[in-house]
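Only a predicted model underlies this, so the values are computations on that prediction, with no experimental measurement involved.
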Amino acid sequence: METLYNLENIHFSHGGSFSLQIEKLTLVRGGSYTLVGSNGSGKSTLLKILAFLLHPQQGRLAFNGSAVRHQPQHLSRLRQQVTLVEQSPYLFSGSVYENMSYGLRLRKLAKDQQQRQIAEALQKVGLAGSEKHNSRQLSDGQLQRVALARALALKPQVLLLDFKLRPGAPADF
């Protein structure tokens, strides 16, 4: 199995009361992982570190066998391979299509390819045909599914989900 992430002696603290410490963590390509813990235990912080949005104050973080360098160009390339969908996702004003096409346009995908990837992603999350809906008129659940579809449309190498599942809720996406 090929190592995707390797974290060693990671330390991240925020304020005076929170500290995330990871002695060693290895995640392999193709694996599915679940983080479980109480509120404030560092799950979201770890996901942001894995998405290259936060930098550990100490330790070594490697991705695809290479050390992560905290240089803007290097981080920008890494961030195009990893997508994090947060618990309370942010959507722009405008249509579902406009929200979903933003990242695809930044990646300079042709318009027909954007349309295919958006349609495919919306189908996967059960929102096929909702491209023209205004994002400000969607329910919280629909907003979260659009955010997930937006992430899937980017076809990231790694998809990180910071979702809080309700007891008994299906997790079949």
Side-chain angles (χ1 to χ4, degrees), residues 1-7 26-35 43-55 61-165 169-173:
M1 299 198 117
E2 187 180 345
T3 298
L4 185 61
Y5 284 98
N6 191 34
L7 292 82
T26 301
L27 304 175
V28 297
R29 183 175 309 286
S32 285
Y33 301 91
T34 303
L35 292 174
K43 299 178 301 293
S44 295
T45 300
L46 176 57
L47 290 174
K48 288 177 183 177
I49 289 171
L50 295 176
F52 314 112
L53 299 173
L54 288 178
H55 313 300
L61 171 60
F63 181 71
N64 278 331
S66 298
V68 173
R69 298 184 316 271
H70 300 293
Q71 300 164 337
Q73 287 182 325
H74 182 70
L75 291 172
S76 179
R77 283 192 302 274
L78 292 175
R79 288 175 183 148
Q80 288 188 12
Q81 299 174 57
V82 178
T83 301
L84 170 62
V85 180
E86 299 199 55
Q87 240 180 74
S88 299
Y90 179 80
L91 296 182
F92 306 120
S93 294
S95 71
V96 168
Y97 184 87
E98 290 166 334
N99 271 277
M100 293 187 63
S101 66
Y102 181 76
L104 299 171
R105 285 193 320 267
L106 289 178
R107 287 173 170 79
K108 300 188 185 331
L109 262 65
K111 190 145 182 100
D112 62 327
Q113 184 66 28
Q114 289 178 37
Q115 291 170 341
R116 277 194 301 276
Q117 286 181 214
I118 289 169
E120 178 183 298
L122 286 171
Q123 178 72 38
K124 285 181 182 177
V125 300
L127 291 175
S130 65
E131 292 88 346
K132 292 182 181 179
H133 288 102
N134 185 317
S135 64
R136 298 293 183 215
Q137 297 175 341
L138 300 174
S139 71
D140 288 345
Q142 289 171 320
L143 285 172
Q144 203 165 39
R145 287 192 287 159
V146 169
L148 178 58
R150 179 173 59 189
L152 292 171
L154 295 172
K155 299 186 182 245
Q157 185 176 352
V158 177
L159 179 61
L160 302 169
L161 305 173
D162 192 359
F163 284 179
K164 179 178 171 183
L165 295 177
D172 60 355
F173 48 80

For Gln157, enumerate each residue passing the side-chain hydrogen bond (donor to acceptor under 3.5 Å, both in side chains) test, keeping only those at least two apart in sequence or located in another chain. Asn64
Output a table of donor-acceptor pairs, distance under 3.5 Å, between side-chain atoms of residues 82-93 and any protein atom two or more places apart or on a different chain; print 'none' if there are none.
unit_1	atom_1	unit_2	atom_2	d
Ser93	OG	Arg136	NE	3.3
Ser93	OG	Arg136	NH2	3.3

Of all heavy-atom pairs between Gly94 and Asn99, which one has the smallest distance, and what is that distance? O-ND2, 4.1 Å
Passes side-chain contact (heavy atoms from CB on, under 4.5 Å), Leu127 versus Val96? Steps please. CA-CA 10 Å; Leu127 291 175; Val96 168; over 6 Å; no
Do Arg29 and Thr3 come within less than 4.5 Å of each other through their side chains, counting heavy atoms only? no
Got a second to check how far Lys43's NZ is from Thr34's OG1, nearest 0.5 Å? 12.0 Å
Using side-chain contact (heavy atoms from CB on, under 4.5 Å) as the criterion, list what pairs up with Lys111, not counting sequence neighbours. Tyr97, Gln115
Look at the side chain of Gln123 and the backbone N and O of Ala128, then say whether any donor-acceptor pair between them is shorter than 3.5 Å. no
What do the steps show when you test Gln81 against Phe63 for side-chain contact (heavy atoms from CB on, under 4.5 Å), and what is the final call? CA-CA 10 Å; Gln81 299 174 57; Phe63 181 71; 3.4 Å; yes
Across all chains, not counting sequence neighbours, the side-chain contact (heavy atoms from CB on, under 4.5 Å) partners of Glu120 are Lys124, Lys155
Is there a side-chain contact (heavy atoms from CB on, under 4.5 Å) between Gln144 and Leu148? Walk through the geometry before answering. CA-CA 6 Å; Gln144 203 165 39; Leu148 178 58; over 6 Å; no
Evaluate whether atom CD of Gln71 has more than 12 neighbouring non-hydrogen atoms of other residues, nucleotides or ligands under 6.0 angstrom away. yes
Taking all non-hydrogen atoms of both residues into account, name the closest pair between Leu122 and Ser130 and its distance. CD2-OG, 3.9 Å
Might you point out which heavy atoms bring Ser135 and Leu143 nearest each other, and give the distance in Å? O-CD2, 3.4 Å
Side-chain polar contacts of residues 44-55 - donor-acceptor pairs under 3.5 angstrom, sequence neighbours left out - could you list them?
unit_1	atom_1	unit_2	atom_2	d
Ser44	OG	Asp162	OD1	3.4
Ser44	OG	Asp162	OD2	2.5
His55	ND1	His70	ND1	2.7

Which residues share a side-chain contact (heavy atoms from CB on, under 4.5 Å) with Ala62, sequence neighbours left out: Asn6, Arg60
For Gln142, which residues count as a side-chain hydrogen bond (donor to acceptor under 3.5 Å, both in side chains) partner, sequence neighbours excluded? Ser139
Distance col, row Leu154:CG vs Met100:CE, nearest 0.5 angstrom, shows 8.5 Å
Heavy-atom check, side chain of Ser95 versus side chain of Asn134, under 4.5 Å: no
About how many Å separate CG of Leu61 and OG of Ser66, when rounded to the nearest 0.5 Å? 11.0 Å
Residue among Val28, Val158, Thr26 satisfying side chain to side chain contact (heavy atoms under 4.5 Å, CB included) with Tyr5: Val158
Sequence neighbours left out, what passes salt bridge (charged side-chain N to carboxylate O under 4.0 Å, His left out) with Asp112? Give chain and number order. Arg116
In short, salt bridge (charged side-chain N to carboxylate O under 4.0 Å, His left out) pairs touching residues 67-77 with sequence neighbours left out are none
Can you list every ring pair (Phe, Tyr, Trp, His ring centres under 6.0 Å) pair that touches residues 105-139, not counting sequence neighbours? none
Who are the side-chain hydrogen bond (donor to acceptor under 3.5 Å, both in side chains) partners of Ser101, not counting sequence neighbours? Arg105
Could you pull out the closest heavy-atom pair between Ala121 and Ala149, with the gap in Å? CB-O, 3.2 Å
Results of side-chain hydrogen bond (donor to acceptor under 3.5 Å, both in side chains) for Gln137 - residues two or more places apart only: none
